[in-house]
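Structure first, then comments.
Chain letters run A, B, ... following the sequence lines, proteins first, then strands; residues in each count from 1.
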Amino acid sequence: MLEPAVAGRIERRRDAIAWTLERGDIFAWWAASRTIVLSGGLALHWLHRPRGYFGRHIFSHALGPLESWDGIWYRHVAEHGYLLVPGHQSDPAFFPFYPLLLKFVKAVGISTGAGGVLLSNLLFLGALLAFDAFGRAVVTPTLARRGTLLLAVFPTSYVCSMVYPESLVLLAFAFAGVFAVRERWLLCAAAATAAALARPEGILLVFPIAAYVVPRLRRLETNERGRAVAAILAAPAAAISFPLYLGWALHDPLAWSKAQHAWGRSFRLDGIFLAVRRIGDEVAREGWAVRDIAFCVVTLMLLAAALRIGAPRGWIVLGALIVLLPLGSGSFTSDARFGLLALPAYWGLASLCHGRLRFALAAGSSAVLLAAATVSLPLVFP
Amino acid sequence: MRGVLGAIAVPFCVVVLGVGIQAAAFERPPRDALVASDALRELFRFRVMRATEVVGRHPVRSTCVQGWFRPLHSRRPAPGELVLLSSGVKLYDFGNGIRRIGRRGAVSRFDLARFLLAGCPRFMAERVGSQLVRSRWVDTDASRADGVATLELSFGDRTKPIGLYVDRRTYRPVALRLAGAPKQGWSDLIAGGGRAAVLRVRQAFHLLAKSRNNA
């Protein structure tokens with residue numbers, strides 16, 4: 001009686017080892033890239049420079065730089081909940097799922113700062129593994145793996161080691177893709193829910209999921225069809241729950257958009273044209289704007305490359321909207337960070353890196369830029 | 001039919017669960033903080049405040065006008081507050097601290113109290129708002145001022161707070177009390193003011209450029 005159970009256990013262990021070994025390079029690249037970011041953060045802590053916008057309290061502890069900027073707000077939400085303060089930058093601008101996880105981390109006894117950094121790094125590892133699985137289902141295994149490794153060292157991926165929700169959203173996006181391809185609609189709905197509760201971009205999952213569901217609708221059984229449609233609607237439903245909660249807690253369902261306004265993000269129809277027209281002013285006022293503009297353009301070009309190799313169009317639409325919609329506020333601010341979530345861009349980048357030399361060059365320069373982006377944290381908002 | 005039910009039921013559950021989890025996980029802000037936030041919204045509506053201040057023995061009338069002004073020797077307009085007292089004293093703040101026209105350096109505690117009691121709406125709102133964002137501590141107590149049912153919003157130094165009295169129904173500012181920092185004092189407030197009041201203050205400060213957004 002015992003023998004088959006023991007044999008099964010040994011086999012499972014062997015499978016797990018094989019699974020891990022097969023993804024050994026992902027683990028290695030994750031560890032290497034996170035070492036770069038953590039070393040950059042520690043260098044800032046030791047050197048106390050560049051000073052930039054950081055006060056002493058941020059430099060004073062080892063992970064301070066990685067807990068800074070929006071990380072302060074996410075921790076604030078985790079510790080105090082939401083409150084809209086008119087005329088001031090306030091926390092309803094930040095979606096709830098990541099601070100919710102920070103609360104759990106705190107309940108375990110880890111501070112929200114250090115816990116947030118740990119959480120983001122682990123979620124990023126999960127995101128890389130899920131993205132690799134997703135890539136294998138939609139592009140060639142080589143492209144999928146190379147895309148995953150390039151994501152691991154992508155210059156803006158330093159935010160995936162900060163108290164920011166980007167790694168959580170990447171993980172949710174990748175899982176939504178994996179489950180949509182496998183037609184596991186309820187799991188896909190769960191992933192879409194997580195994404196839409198973590199960042200407003202999550203709602204854009206409507207496009208890639210609908211792109212999978214609509215062509216299959218006729219051949220699906222009635223129950224399956226219902227679940228598939230539910231997967232499409234899950235992200236908007238989750239996003240709606242946030243203003244409903246704010247309506248209950250703050251008596252103001254529009255608190256999110258009012259808070260966004262105070263953060264300088266009020267959207268208008270001609271916002272994109274305004275953003276393009278103001279490029280000169282924006283660069284003159286804040287030289288770092290060049291970074292956001294460049295990443296926006298690069299992301300769009302990489303998405304075009306991904307389209308050429310046959311990456312799913314729904315995901316291309318999502319990627320393009322992720323970098324174009326924020327321009328509706330008339331500014332490129334933070335567009336580099338937003339573009340990090342455009343998953344097909346990494347397949348596009350991988351497709352441009354034929355051969356080992358090109359790939360090594362792309363990965364090497366990405367790693368250098370990743371280090372530079374980390375140590376310039378005090379100078380510019382991610 | 002079952003398919004349609006599934007398509008509706010799952011998103012509905014997502015909405016209900018989403019709201020429920022957020023409600024269970026996050027602290028609801030204290031009632032005081034919500035009231036303070038509403039009062040703040042009302043304060044931000046005004047650009048002009050008229051007051052009758054009492055610091056020491058003699059009452060003084062004041063008018064505070066705020067907006068964008070072009071200070072002398074400056075090319076760019078700057079946001080700020082101008083306070084004109086009936087005694088002729090002129091106080092202002094363009095973000096570099098409160099100053100008095102005709103005197104160099106920082107103002108005396110007496111002048112500081114006068115400036116605070118003028119109840120410049122945005123100046124007050126900035127302080128209440130910063131405190132709300134930072135610590136969520138702003139006490140609100142039911143009270144009466146000038147025969148009106150009011151709420152007193154206490155902020156600033158906990159031992160010697162500033163009390164802003166607002167109408168309990170409309171949240172319109174009614175009075176201001178300094179409990180000792182920088183001096184003890186009281187002022188009755190009238191929010192808003194006509195064009196004449198704005199002009200009078202601007203003329204007193206010799207400001208030639210037009211201010212923006214003045215009420």
Charged tip of B:Arg28 within 45° of A:Trp248 ring normal and under 6.0 Å:
yes

Which residues from residues 227-242 of chain A are near chain B, with near meaning under 4.5 Å between non-hydrogen atoms?
A:Val229, A:Ala230, A:Leu233, A:Ala234, A:Ala237, A:Ala238, A:Ser241, A:Phe242

Pairing donors with acceptors under 3.5 angstrom, does anything connect the side chains of A:Ser331 and A:Thr333?
yes

Flag for A:Tyr98-A:Ser120: side-chain donor and acceptor within less than 3.5 Å:
yes

Side chain, backbone, both or neither: which part of B:Ala125 has a non-hydrogen atom closer than 4.5 Å to chain A?
backbone

Ranking A:Thr193, A:Leu100, A:Leu246 by heavy-atom pairs under 4.5 Å to chain B gives rank one to A:Leu100

Ring centres under 6.0 Å, that's the criterion: do B:Tyr92 and B:Phe69 meet it?
no

For A:Gln89, is it the side chain, the backbone, both, or neither that has a heavy atom closer than 4.5 Å to a heavy atom of chain B?
backbone

Within 45° cone of B:Phe123 ring axis and under 6.0 Å: B:Arg127 NZ or CZ:
yes

Before you tell me yes or no, could you show the steps for B:Glu152 and B:Arg177 under salt bridge (charged side-chain N to carboxylate O under 4.0 Å, His left out), namely the whole-Å CA-CA distance, both residues' side-chain angles and the distance that decides it to 0.1 Å?
CA-CA 9 Å; B:Glu152 182 189 2; B:Arg177 179 177 61 87; 2.5 Å; yes

Pair B:Trp186 + B:Tyr165: ring centers closer than 6.0 Å:
yes

Taking B:Glu81 first and then B:Arg122, would you say they form a salt bridge - that is, a charged N and a carboxylate O separated by under 4.0 Å?
no

Heavy-atom proximity to chain B below 4.5 Å, by part of A:Glu221
neither

Measuring centre to centre across the rings, with the benzene-like ring taken for any Trp, is A:Trp69 within less than 6.0 Å of A:Phe54?
yes

Residue selection (most heavy-atom pairs with chain B, distance under 4.5 Å) from A:Leu197, A:Asp252, A:Leu250, A:Leu186:
A:Leu250

What option among B:Glu27, B:Arg41, B:Gln22 has the most heavy-atom pairs under 4.5 Å with chain A?
B:Gln22

